[in-house]
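Below, each value reflects all heavy atoms present in this structure, side chains not excepted, and no hydrogens, waters or symmetry copies. Keep in mind it's a predicted model, so treat the numbers as computed, not measured. Every chain is numbered from 1, with letters handed out A, B, ... down the list of sequences.
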There are 2 protein chains.
Amino acid sequence: MQGRFSTHLGVRPMDPIVRRLRSLAPLSDADVEIVRGLAERRERHAPGAQLVAEGGVSAGPRFMVSGWACRQRLMVDGRRQIFSFMLPGEGIGFARRPALAATVALTALETVDATPILEAVRRGATPALARALAAMECLEEALLLDHVARLGRLTAYERVAHFLLELQQRLEIAGLGDKQRFPLPLTQEILADALGLSIVHVNRTLQQLRRGGLIELRSGVAILLQPEALAKICDYRTTAVQPIKAA
Amino acid sequence: MQGRFSTHLGVRPMDPIVRRLRSLAPLSDADVEIVRGLAERRERHAPGAQLVAEGGVSAGPRFMVSGWACRQRLMVDGRRQIFSFMLPGEGIGFARRPALAATVALTALETVDATPILEAVRRGATPALARALAAMECLEEALLLDHVARLGRLTAYERVAHFLLELQQRLEIAGLGDKQRFPLPLTQEILADALGLSIVHVNRTLQQLRRGGLIELRSGVAILLQPEALAKICDYRTTAVQPIKAA
DNA sequence: CGCTTCTTTGACGAGCCTCAAACTGAGTGG
DNA sequence: CCACTCAGTTTGAGGCTCGTCAAAGAAGCG
């Protein structure tokens, strides 16, 4: 289904990665070629598969090619908190440290090994990609802080609006979806565990947004009918993506 | 007051920093000397002072010497979310990126410029300190994830317990406080803004913990009367501080 | 179809927030 | 030394937000 989607739209598999990196720093054709070269070592994962175990060392840097994943932690009594989502084009395991949370596939997904890029960067061969990776790390932290503020200081209604706006933006950058419409292959349980709510309350909040004519949701596709109104609801500010100047 | 405290206990100003780094990686005497050498360039800040502006570039790496600070963000309607606290011995602005949140002094505090250490590390002069700084960064992210889980999946009662246990541990490492007792110079408003609660509810939750004989709080000092019971309440797991192996 | 997973709905209660006001303690100045 | 102020804490009352329990629809899938 996902594969067909790509084919029909003429989206080549590495496009989300290229688009995303380009949004972080201007890349030369040579840089882009390095990225496209990654396509060789592709890896498939089934939904539910654990990409990185909590406490384990990450199996090298990778990019998401298709599908969704998340970082999460479980409590002894079964409660779950999702820390972040990984979308096509985004990186996994670039930080060389023990994983502080498990990374789990939420849908069927594909990744590519990004080791060649990291090596090229270490050789100093591609300062532009180095900047892009630095900006990527920075953006990840920004998203985590947004998540904290969302959980700590927004109501359920605001949280859902804020989260949808964030996804819209990230997916648009990757070339999936536009200003209003994007794929959303998440169950309400997953939304609940990310947003710190119960399933039931997520359901009711979504309906409230629907009844208000703000969003539409069906069969894995979200439509933001009034993005500006949504942004107003939750004081949404685009997490600025300023490319980092070389040191 | 704070100065007197240090003098009486015979705590030298750089001790918290040394202790904290030592908890992250074994340091040689030479390493410790480098750290103690920082004491020259000390800086004072009044409570409420902004150490780093949101969006601004951090004014170089620093260590907290005394006092407390926090990273926070304000919403347009005045709501505030505190992302993290900075305690004596901990670092500020080591990541070379635009600040994603403002850093604000919560009490009178002192910092030292850590640039010399960063330079020594870059020269490769001190691999042990390099490991300690890497572990420091890692630990910071771990704390942030803990914070997310706290806000998303713990009740008010659990949140407060969890937070107090975290502070106890961090302060003990810095040599301030012991297994049960530690300084807590935070108003209930600050606690509320960190834990995603209202002031009133923080107050009631603290009293619930007091009535349960779990904690004691007075004039800026917290006492955990039953640390194990507290840990049980909130599924508290020490955020393991495993020194990172050299690459 | 018949299963399972996911969504939706209702009823109810608890957790947490808001508003408001009293109380405490540490200055501060007359 | 005693008001007086101000920031912070505590208490009460009431209500909204959100969670839990339970069960009934939908929707995907073999």
Side-chain angles (χ1 to χ4, degrees), chain A residues 1-2 4 46-48 68 75 77-81 105-108 150-163 183-212 215-222 233-234, chain B residues 1-2 46-48 68 75 77-81 106-108 150-163 183-212 215-222 233-234:
Chain A
M1 181 108 39
Q2 211 140 23
R4 226 180 8 151
W68 289 41
M75 298 182 55
D77 60 4
R79 280 181 281 185
R80 166 170 74 160
Q81 179 62 49
L106 295 172
T107 68
R150 204 154 46 201
L151 292 170
R153 280 299 176 232
L154 297 192
T155 65
Y157 190 65
E158 295 167 331
R159 273 180 229 184
V160 173
H162 194 279
F163 180 66
L184 186 67
L186 303 180
T187 65
Q188 296 183 356
E189 179 174 16
I190 293 172
L191 288 175
D193 286 339
L195 299 177
L197 301 167
S198 68
I199 302 182
V200 173
H201 201 66
V202 164
N203 182 284
R204 295 198 160 114
T205 306
L206 286 173
Q207 290 182 49
Q208 199 182 341
L209 286 164
R210 272 194 282 236
R211 267 184 269 119
I215 67 168
E216 218 170 279
L217 272 185
R218 46 167 209 274
S219 61
V221 175
I233 285 170
C234 57
Chain B
M1 184 101 49
Q2 212 141 23
W68 289 41
M75 298 183 56
D77 60 4
R79 281 181 279 185
R80 166 170 75 162
Q81 179 62 49
L106 295 172
T107 68
R150 205 155 43 200
L151 292 170
R153 280 298 176 232
L154 297 193
T155 65
Y157 190 67
E158 295 168 331
R159 274 182 227 181
V160 173
H162 194 279
F163 180 66
L184 185 67
L186 303 180
T187 65
Q188 296 182 356
E189 180 174 17
I190 293 172
L191 287 174
D193 286 339
L195 299 177
L197 301 168
S198 68
I199 303 182
V200 173
H201 202 65
V202 164
N203 182 284
R204 295 197 159 112
T205 306
L206 287 173
Q207 290 183 48
Q208 199 182 339
L209 286 164
R210 273 194 281 234
R211 266 184 269 118
I215 67 169
E216 217 169 280
L217 272 186
R218 46 167 208 275
S219 61
V221 175
I233 286 171
C234 58

For A/F163, ring pair (Phe, Tyr, Trp, His ring centres under 6.0 Å) partners two or more places apart:
A/F85
Enter the distance from A/C234:SG to B/M75:CE here, rounded to the nearest 0.5 Å.
8.0 Å
For the atom pair CG (B/L217) and CG (B/L209), what is the distance rounded to the nearest 0.5 Å?
8.5 Å
Nucleic acid footprint by protein, nucleotides 4-15 of chain C - heavy-atom cut-off 4.0 Å, B for base, S for sugar-phosphate alone:
--SSBBBB----
Worked verdict on A/R79 versus B/L154 for side-chain contact (heavy atoms from CB on, under 4.5 Å):
CA-CA 9 Å; A/R79 280 181 281 185; B/L154 297 193; 4.2 Å; yes
Donor-acceptor contact present, side-chain B/Q81 to main-chain B/A194, <3.5 Å
yes
Within the structure shown, what part of the strands sits under 4.0 Å from A/G196 by heavy-atom distance: base, sugar-phosphate, or nothing?
sugar-phosphate
Calculate the interatomic distance between [X] atom [atom1] and [N] atom [atom2]; express it in whole Å.
X: A/L154; N: C/dC17; atom1: CG; atom2: C1'; answer: 15 Å
X: B/L217; N: D/dG8; atom1: CG; atom2: P; answer: 16 Å
X: B/L191; N: D/dG8; atom1: CG; atom2: P; answer: 12 Å
X: B/Q208; N: D/dT10; atom1: CD; atom2: C1'; answer: 15 Å
X: B/R218; N: D/dG8; atom1: CZ; atom2: C1'; answer: 18 Å
X: A/R159; N: D/dG19; atom1: CZ; atom2: C1'; answer: 12 Å

Just how large is the angle between the end axes of the helix from C/dC1-D/dG30 to C/dG30-D/dC1, five pairs per end, to 10 degrees?
30°
Is there a side-chain contact between B/R153 and A/D193, using heavy atoms and a 4.5 Å cut-off?
yes
Given side chains that start at C-beta, do those of A/V202 and A/I199 come closer than 4.5 Å, heavy atoms only?
no
Which pair of heavy atoms, one from B/R159 and one from B/L195, lies closest together, and at what distance?
NH1-O, 2.7 Å
